Amino acid sequence: MSGLPSHPRLVSLEGGEGAGKTTVLAALRAGLEATGREVVVTREPGGTPFAERIRELLLDPGAEPVSAETELLLMFASRAQHVRATVQPALDRGAWVLTDRFTDSSFAYQGAGRGLDQGLIALLEERVVGLRPGLTLLLDLDVAQGRARIEGRDPRPDRIERERDAFFERARAGVLARAAAEPERFRVLDASRPLQEVVAAAVAALRDRTEGAR
Ligand code: T5A
């Protein structure tokens, strides 16, 4: 696997649409803050004012088709800003960083989903991002179940939510393959279980890592 450094206080959540990442993040934050740690909760695409503007561009279902390459480079433009302006400064001052998605999403969605070259994504990860999370919680959920959870939430689904199920199936298979290849970093959680069980499993996985990584 890659020789990129992983940071023990950088924790990412991955998973399909409606898997529960946002909900679980709130519980993880509360658990860490209760132990007196500084916690920064952030997300991708986005996580800084400028990167949030890139997010708007990426998710806006405008009339012009967006090429897969454009999408990939904008994801990494957002990530470059996020790492430099939010993630790295927080890690440098000793905070924990919990991010709703990170580079694994690009491997899943733009790589496995859109069929872009994984080698190109790996090169961008190495040269532009330069670090990996110490822990990645993958909330794994059947695509149809995830869709059912978010259905009706937004009358105007975003550009990526409009994709067909086959796209999300490929993305899901892609991230599961990454988890299998990096069992030390990933914890795969069954996100079809009741929310309180998923939250408890995520909190326990994070607790395992917080010991000794203060
Ligand atoms: N993207 C992102 C890329 O293509 N490449 C990249 O490199 C990156 C970084 C981001 C989009 O960008 C793509 C991926 C995405 O398509 P987003 O809005 O952040 O857009 O999309 P999601 O991350 O998918 O966010 P969602 O809000 O759709 O999903 P969550 O956060 O996983 O789900 P959550 O917590 O909002 O829960 C959804 C609903 O389900 C319920 C919740 O209460 C909520 O109502 N729920 C449960 N119900 C029953 N049982 C459970 N266990 C439940 N867990 C949650």
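Keep in mind that this is a model prediction, so the values were computed, not measured. Whatever order the structure lists ligands and atoms in, that order sets their numbers, starting from 1. Positions are given from 1, in the same order as the sequence printed here.
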**Item:** Audit row: W96, L91, side-chain contact (heavy atoms from CB on, under 4.5 Å) steps and yes/no
**Value:** CA-CA 7 Å; W96 283 75; L91 294 174; over 6 Å; no
**Message:** Does only the side chain of R159 get under 4.0 Å from ligand 1, or the backbone, or both, or neither? Count heavy atoms.
**Reply:** neither
**Request:** Heavy-atom contacts with A191 under 4.0 Å: which atoms of ligand 1 show up? List them by number with element.
**Result:** 52 (N)
**Complete:** The protein heavy atom nearest to atom 8 (C) of ligand 1 is S105 CB, 3.4 Å
**Request:** Closest by any non-hydrogen atom to atom 54 (N) of ligand 1: pick that one out of D100, L195, L139.
**Result:** L195
**atom 31 (O) of ligand 1 touched by protein (heavy atom, under 4.0 Å)** = yes
**Request:** Verify, without hydrogens or angle tests, whether E163 (side chain) and I160 (backbone) share a donor-acceptor contact under 3.5 angstrom.
**Result:** no
**Request:** Using the side-chain hydrogen bond (donor to acceptor under 3.5 Å, both in side chains) rule, pick out the option among R101, H82, R55 that qualifies with E44.
**Result:** H82
**Heavy atom of the protein closest to atom 11 (C) of ligand 1 (residue, atom name, distance)** = L59 CD2, 4.0 Å
**Message:** Under the side chain to side chain contact (heavy atoms under 4.5 Å, CB included) test against L25, which residue among L137, T99, L98 passes?
**Reply:** L98
**Request:** Please confirm whether R79 comes under 4.0 Å of ligand 1, counting heavy atoms of the residue only.
**Result:** yes
**Asked** With a 4.0 Å cut-off on heavy atoms, does G15 reach ligand 1?
**Response** no
**Prompt:** Are T136 and S12 close enough that a side-chain donor and a side-chain acceptor fall under 3.5 Å?
**Reply:** yes
**Prompt:** Rounded to the nearest 0.5 Å, how far does CZ of R84 lie from CD of Q88?
**Reply:** 9.0 Å
**Request:** Select the closest option to atom 17 (P) of ligand 1 among R101, E17, R55, E161, judged by heavy-atom distance.
**Result:** R55
**Item:** Identity and separation of the nearest protein heavy atom to atom 7 (O) of ligand 1
**Value:** S106 OG, 2.7 Å
**Item:** Option set R43, R193, R149, criterion heavy-atom distance to atom 48 (N) of ligand 1, minimum
**Value:** R149
**Message:** Return the closest protein heavy atom for atom 38 (C) of ligand 1 as residue, atom name and distance.
**Reply:** G18 CA, 3.9 Å
**Prompt:** In the protein, which heavy atom is nearest to atom 44 (C) of ligand 1, and how far is it?
**Reply:** T23 OG1, 4.7 Å
**Complete:** Ranked by distance from atom 55 (C) of ligand 1, the top protein heavy atom is G20 CA, 3.6 Å
**Separation of R159 CZ from L58 CG (nearest 0.5 Å)** = 6.0 Å
**E126: side chain to side chain contact (heavy atoms under 4.5 Å, CB included) partners, not counting sequence neighbours** = L4
**ligand 1 versus K21: contacting region, heavy-atom distance under 4.0 Å** = both
**Request:** Below 4.0 angstrom from a heavy atom of E44, which ligand 1 atoms are there? Numbered from 1 as shown, please.
**Result:** 9 (C)
**Request:** Distance to 0.1 Å, residue and atom name: give those for the protein heavy atom nearest to atom 5 (N) of ligand 1.
**Result:** Q110 OE1, 2.8 Å
**Prompt:** So which heavy atom in the protein is nearest atom 1 (N) of ligand 1, and how far is it from that ligand atom?
**Reply:** M75 CE, 3.5 Å
**Asked** Could R79 and F76 be counted as a cation-pi pair, given that NZ or CZ must be under 6.0 Å from the ring centre and within 45° of the axis?
**Response** yes
**Message:** Does either side chain, that of T70 or that of S67, offer a donor lying less than 3.5 Å from an acceptor on the other one?
**Reply:** yes
**Asked** When rounded to the nearest 0.5 angstrom, what distance separates CD in E14 from CZ in F107?
**Response** 11.0 Å
**Message:** Does the residue R153 have a heavy-atom contact with ligand 1, meaning some pair of atoms that are separated by less than 4.0 Å?
**Reply:** yes
**Prompt:** Which one holds for I160 and ligand 1: side chain close, backbone close, both close, or neither close, with close meaning a heavy atom under 4.0 Å?
**Reply:** side chain
**Audit row: V97, F102, side-chain contact (heavy atoms from CB on, under 4.5 Å) steps and yes/no** = CA-CA 11 Å; V97 177; F102 202 60; over 6 Å; no
